[in-house]
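Computation of the quantities below employed the complete heavy-atom set of this structure, encompassing side-chain atoms and omitting hydrogens, waters and symmetry-equivalent molecules. Because the structure is a prediction, the values reported are computed rather than measured.
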Amino acid sequence: MTRILVVDDSPVELKLTARTLSQAGYEIVTATGGPQALALARQSRPDLVILDLNMPGMDGYEVCRRLKEEEGTRDIPVVLYTVRDQIVDVLRGLEVGADDFIPKGTSKEEMLARIRRILSGSFRSEREIPLPDFSSLDGGANPELAARLLEDAFHREVRSCLNMLFGIHATFLILERARRQAAERSPLIAPAGYEALGALLFIPERVRNASTSEVIAAFQAFASELVRVTARLAHMRLYGPRELDELIRALKRMFQTLAESSAFRRSSTRDSEGPLPPEPSIRPLPPSGEKPPGVSGAQAERSLSLLLDLRGIVQNVDDEMANLLGYSRADLIGQPLETIVPESDRESLRQLLQRVRDHGEAHARLRLRRRDGTLLPFALSSTALYDAQGAVALSRHLARPLSESAEERALSESLLYRERERLRQRLERIEEEYETLLHILSHDLRQPLQIILNALHLLSEEYGMKMDEPMREYVTTVQHSALRLREMIGDLVKLFRITPRTLQREPIDMARLLESVRRSLAPLLERRGAQVDVVGSWPIVRADPTHLHSVFANLIENGIIFNTSPRPTVEVGYSGVVDGEHTFYVRDNGMGIEPQQQERIFQLFYRLPAQEDFPGRGVGLTLCQRIIQAHGGRIWVESTPGVGSTFYFTLPADPEEMS
Ligand code: ADP
């Protein structure tokens with residue numbers, strides 16, 4: 001017989017879980033605290049441990065950690081069974097070696113199915129996930145440059161994708177975990193906590209002494225850990241397989257970007273390891289008037305160029321540049337550029353040259369002194385030129401003269417940039433607080449409520465027959481209120497999870513979407529003898545299809561429910577684009593809404609007093625409003641009591657998406 005150890009500090013919870021499992025034919029052993037659980041696990045060798053997280057003294061995480069540490073208990077699968085159902089909790093669970101995570105409130109059938117799956121051992125065989133093979137890239141002879149490019153591309157393509165899927169805080173935790181795991185496999189990966197902002201993937205000092213292929217292999221190890229964590233999250237059904245697909249897609253995009261970048265392409269086209277091919281040999285810069293190579297259009301007309309060696313000595317300069325400074329080319333070639341850079345800008349020059357050496361390219365603003373002593377500001381765009389051994393030999397600088405106003409503009413741009421950074425950081429903090437609040441809402445409040453509900457369940461089951469009528473009524477009232485409270489918490493969590501970041505926008509064929517809404521409402525339409533007319537032609541819009549489906553379904557349903565006419569009729573239409581917005585409407589021949597109520601019906605949990613006998617919790621319209629606003633649109637109602645209501649909403653129109 002399969003033996004399961006159930007651990008929970010709440011006797012009510014313990015009893016209910018144990019009963020469900022023993023009814024399903026398992027042998028049950030119970031413990032009410034961590035130390036007792038550990039002792040029982042050692043003694044009775046269960047086939048599975050079901051562990052509550054919130055326990056005083058030694059909590060579930062700690063119990064799990066110790067079980068997984070000990071030789072004798074390491075192989076017993078551990079399921080965390082808890083009201084905590086946020087990604088943060090699951091990640092902590094993974095950290096201590098938990099095998100699965102079942103949120104309390106999961107239906108009995110699903111819970112049993114998952115337990116069977118774990119016991120059968122099939123959960124252990126994680127399916128192979130196809131991952132782009134980064135090791136096929138070849139970053140040439142400069143490991144630091146390769147690491148920089150990998151890091152940049154990772155943050156741009158993958159981290160931003162994770163942020164969107166999971167939120168900033170959870171992404172941080174996911175990356176920390178992947179880094180920690182990868183650091184065990186590769187000494188080049190910075191372990192968690194290596195750097196305060198968590199932005200660095202590699203340890204710079206170690207990268208310097210490694211080969212480029214080691215850097216790429218380290219990244220591959222990190223990427224596969226990242227995919228593994230996401231797969232585990234998908235497995236635990238906290239998130240679906242969609243997140244995993246998105247991650248793989250982002251990694252592929254990243255791979256593509258790198259494969260196309262010149263630093264990687266230059267060497268990945270070669271057959272074997274070896275020095276970088278030499279850059280085209282240095283030849284005199286084109287005479288003035290001719291465009292420098294690789295530069296075109298307006299920028300070229302105003303670009304001047306300059307070649308420096310590693311010590312900053314001018315190797316070449318074009319006529320135009322020399323003329324502008326009041327010198328001839330011969331005056332400048334062979335001179336340190338520093339001689340015409342004012343003292344105050346020399347540090348910028350040194351840093352520019354250093355960055356070009358380290359990263360292959362850099363940008364800076366610098367003033368040069370003309371022969372007549374006046375200063376001219378330039379924007380320099382600088383790249384490294386490599387010798388046959390792949391080492392940086394020279395630097396090429398395209399210089400764009402800045403007029404005073406352009407210089408001022410550059411300054412204000414940098415102020416704007418700083419301001420934007422400050423706001424971005426503030427936004428991140430607010431988002432973290434927001435997620436903490438959601439966390440509290442969905443854990444800390446649900447836990448005691450679940451206990452109340454379970455205790456009431458046991459009370460009516462075990463003592464129902466002994467209670468007299470008023471007692472039974474009290475219990476029923478408490479039960480109803482507790483259930484309502486649980487639903488309200490669920491509504492709040494659902495509502496606050498909808499943010500512009502969490503939307504999954506894609507092009508939607510609105511006519512097809514409405515067809516599917518109509519199908520989902522068919523039973524209601526039939527029951528009420530109601531009719532839905534979808535009129536006019538419909539555009540393709542870019543929006544979240546699931547959410548947009550709910551908006552239409554809610555509005556149409558309301559039009560039919562709050563309707564006493566013998567044949568409730570709802571017309572759904574599209575009014576075209578007005579002021580850059582698509583406008584849609586849902587019109588009914590229902591009971592209408594008094595003018596003073598027309599704003600209030602969008603408030604959460606608000607229901608019209610006259611309509612309390614109708615079903616509903618006063619959430620539908622708030623949800624619609626939240627969804628539409630997250631898309632950047634508006635929603636409102638126009639209504640005449642006794643005649644009917646028309647709900648309008650808009651979605652921003654993107655001209656490219658319109659049909
Ligand atoms: P629910 O339908 O869950 O009660 P809603 O947020 O969808 O919540 O609606 C809030 C209230 O607004 C409803 O209880 C109802 O009183 C009123 N209402 C919504 N839609 C209509 C409508 N089409 N006609 C008349 N009253 C409506």
Side-chain angles (χ1 to χ4, degrees), residues 85-86 105 164 167 239-240 431 434-435 437-442 445-446 483-506 508 510 513-514 516-521 523-525 532 541-563 570 572 581-588 590 593 597-609 611-612 614-639 645-652:
D85 61 354
Q86 301 288 295
M164 237 159 67
Y239 291 93
E431 272 198 25
Y434 187 86
E435 285 185 29
L437 239 155
L438 255 181
H439 193 73
I440 292 174
L441 203 60
S442 53
L445 296 187
R446 269 185 189 163
L483 276 173
R484 200 166 121 72
L485 188 55
R486 191 172 71 177
E487 284 171 348
M488 287 166 95
I489 293 177
D491 288 335
L492 277 175
V493 173
K494 190 165 153 193
L495 197 69
F496 288 120
R497 281 208 176 125
I498 303 171
T499 66
R501 265 174 183 281
T502 54
L503 294 181
Q504 304 296 324
R505 292 177 203 247
E506 55 185 73
I508 305 173
M510 295 294 277
L513 181 94
L514 279 162
S516 120
V517 173
R518 200 212 295 262
R519 269 200 306 279
S520 70
L521 293 176
L524 172 73
L525 299 184
V532 175
V541 298
R542 202 174 158 72
D544 184 313
T546 316
H547 285 322
L548 210 55
H549 189 285
S550 321
V551 170
F552 276 114
N554 257 307
L555 295 178
I556 297 174
E557 209 177 325
N558 279 351
I560 291 166
I561 291 174
F562 301 106
N563 196 322
V570 176
V572 190
E581 290 179 319
H582 292 291
T583 308
F584 304 90
Y585 67 88
V586 177
R587 178 171 300 137
D588 64 55
I593 302 153
Q597 304 281 10
Q598 290 177 9
E599 272 190 27
R600 297 178 74 181
I601 54 170
F602 290 97
Q603 286 171 14
L604 186 58
F605 303 132
Y606 185 78
R607 315 201 53 227
L608 293 187
Q611 295 167 355
E612 297 236 298
F614 288 83
R617 292 201 297 278
V619 179
L621 287 177
T622 319
L623 209 60
C624 291
Q625 189 181 48
R626 181 112 183 150
I627 292 171
I628 296 301
Q629 288 177 349
H631 279 88
R634 302 168 294 128
I635 182 168
W636 69 99
V637 64
E638 289 172 10
S639 179
S645 318
T646 306
F647 284 84
Y648 294 90
F649 69 86
T650 65
L651 291 174

From [atom1] ([X]) to [atom2] ([Y]), nearest 0.5 Å:
{"X": "I561", "Y": "I556", "atom1": "CD1", "atom2": "CD1", "answer": "12.0 Å"}
{"X": "Q603", "Y": "Q597", "atom1": "CD", "atom2": "CD", "answer": "9.5 Å"}
{"X": "R626", "Y": "H547", "atom1": "CZ", "atom2": "NE2", "answer": "10.0 Å"}
{"X": "E581", "Y": "R634", "atom1": "CD", "atom2": "CZ", "answer": "4.5 Å"}
{"X": "H549", "Y": "N554", "atom1": "NE2", "atom2": "CG", "answer": "11.0 Å"}
{"X": "L445", "Y": "I440", "atom1": "CG", "atom2": "CD1", "answer": "8.0 Å"}

Can you find a heavy atom in the side chain of [X] that is under 4.5 Å from one in the side chain of [Y]?
{"X": "H631", "Y": "R542", "result": "no"}
{"X": "T650", "Y": "W636", "result": "yes"}
{"X": "T646", "Y": "V586", "result": "no"}
{"X": "K494", "Y": "V619", "result": "no"}
{"X": "F584", "Y": "V541", "result": "yes"}
{"X": "L438", "Y": "R497", "result": "yes"}

Heavy-atom pair of closest approach, residues [X] and [Y]:
{"X": "L548", "Y": "A543", "value": "CD2-CB, 4.0 Å"}
{"X": "G632", "Y": "P652", "value": "O-CG, 3.7 Å"}
{"X": "I601", "Y": "Q598", "value": "CG1-O, 3.5 Å"}
{"X": "S639", "Y": "I593", "value": "OG-N, 2.8 Å"}
{"X": "D544", "Y": "Q504", "value": "OD2-N, 2.7 Å"}
{"X": "P545", "Y": "L513", "value": "O-CD1, 3.7 Å"}

Discussion item. Would D491 and F605 count as a side-chain contact (heavy atoms from CB on, under 4.5 Å) here? Give the steps.
Written reply: CA-CA 9 Å; D491 288 335; F605 303 132; 3.8 Å; yes
Ignoring hydrogens and angles, tell me if any N or O in the side chain of [X] forms a donor-acceptor pair with the backbone of [Y] under 3.5 Å.
{"X": "Q625", "Y": "I635", "value": "no"}
{"X": "Y648", "Y": "E638", "value": "no"}
{"X": "D588", "Y": "S645", "value": "yes"}

Discussion item. Parallel, tilted or perpendicular, judged at 30° and 60°: which one describes the rings of F647 and F602?
Written reply: perpendicular
Worksheet item: When you look at V532 and L525, which way does the side-chain contact (heavy atoms from CB on, under 4.5 Å) test go after all the steps?
Response: CA-CA 8 Å; V532 175; L525 299 184; 3.7 Å; yes
Item to complete: Take T499 and Y434 through the test side-chain contact (heavy atoms from CB on, under 4.5 Å) and record every step on the way to the result.
Response: CA-CA 11 Å; T499 66; Y434 187 86; 3.8 Å; yes
Worksheet item: Taking it one step at a time, do L608 and F562 satisfy side-chain contact (heavy atoms from CB on, under 4.5 Å)?
Response: CA-CA 10 Å; L608 293 187; F562 301 106; over 6 Å; no
